[in-house]
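Input: a single structure, listed below in structure tokens.
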Amino acid sequence: SSRMDVISDAEKEAVMSKSKIMKDYEEVIDRESAYEILNKKLKVAEELSKEQEEEKREEKTTSRSTRKEKSAVDKVVNSTTGRMIIREVTRGILGVLGVSSSRRRKSTGLFGF
């Protein structure tokens, strides 16, 4: 009857040193699994999409604010009061420069010109 027994470390080393395939399996390599690689790629993709969404939001808010500013300026310029103020300021600047206006009114303007 054959009996199985525990082998010593020296016997184990002797058997392993004679093994032809042991050289291939002796080195311990800690490689990334496909699961880990895919998770990294997913995280990178999520970060990129978040950055793109933030950029789009920033573009929308800046374009909205410039539209609001333009519309407010347009309202002032196109209003009757706004046109009158612009006309009086222009007339005042021209008066300071010594350029006379072809249209003179009997009443003085906003700035006394």
Side-chain angles (χ1 to χ4, degrees):
S1 89
S2 73
R3 186 174 154 202
M4 285 191 86
D5 225 350
V6 178
I7 61 171
S8 68
D9 287 337
E11 292 171 323
K12 179 175 129 185
E13 291 293 326
V15 171
M16 289 174 58
S17 66
K18 291 179 186 174
S19 171
K20 293 179 182 177
I21 62 169
M22 190 58 200
K23 293 175 188 168
D24 295 334
Y25 294 98
E26 188 174 33
E27 186 180 346
V28 177
I29 300 173
D30 185 26
R31 293 187 177 148
E32 281 185 305
S33 68
Y35 176 78
E36 292 169 328
I37 294 170
L38 289 174
N39 274 337
K40 282 184 181 180
K41 288 183 179 182
L42 286 173
K43 285 180 185 177
V44 169
E46 285 176 12
E47 289 173 8
L48 286 175
S49 66
K50 285 180 186 178
E51 288 176 9
Q52 289 173 348
E53 287 176 16
E54 288 175 9
E55 288 174 2
K56 287 180 184 177
R57 282 190 216 131
E58 288 176 7
E59 288 175 6
K60 286 181 182 178
T61 55
T62 55
S63 64
R64 285 181 189 161
S65 64
T66 54
R67 276 190 228 143
K68 287 180 184 177
E69 289 173 10
K70 287 180 182 177
S71 64
V73 170
D74 287 340
K75 286 179 184 177
V76 170
V77 169
N78 292 330
S79 71
T80 307
T81 308
R83 285 191 301 249
M84 186 180 80
I85 292 171
I86 291 171
R87 189 179 316 122
E88 293 297 327
V89 169
T90 305
R91 191 177 298 147
I93 291 171
L94 291 175
V96 169
L97 294 174
V99 178
S100 63
S101 173
S102 61
R103 296 186 334 188
R104 293 220 175 236
R105 294 184 182 178
K106 291 181 183 177
S107 62
T108 58
L110 210 81
F111 297 101
F113 295 103

Measure the CD-NZ distance between Gln52 and Lys50 for me, rounded to the nearest 0.5 Å.
-> 13.0 Å
Could you state the interatomic distance from NZ (Lys43) to CD (Glu47), rounded to the nearest 0.5 Å?
-> 8.5 Å
Applying salt bridge (charged side-chain N to carboxylate O under 4.0 Å, His left out), name anything that partners Glu53, two or more places apart in sequence or on another chain.
-> Arg57
Of all residues at least two apart in sequence or in a different chain, which pass the side-chain contact (heavy atoms from CB on, under 4.5 Å) check with Glu11?
-> Ile7, Ser8
Name all residues meeting the side-chain contact (heavy atoms from CB on, under 4.5 Å) criterion together with Ser33; count only those two or more places apart in sequence or in a different chain, and write none if there are none.
-> Tyr35, Glu36
Set of residues satisfying side-chain contact (heavy atoms from CB on, under 4.5 Å) with respect to Ile37, sequence neighbours excluded = Glu32, Lys41
List, by chain and number, the other hydrophobic cluster members for Met22, where Ile, Leu, Val, Met, Phe, Trp and Tyr join if side-chain heavy atoms come within less than 4.5 Å, directly or indirectly.
-> Met16
Identify, with sequence neighbours excluded, every residue that meets side-chain contact (heavy atoms from CB on, under 4.5 Å) alongside Leu42.
-> Asn39
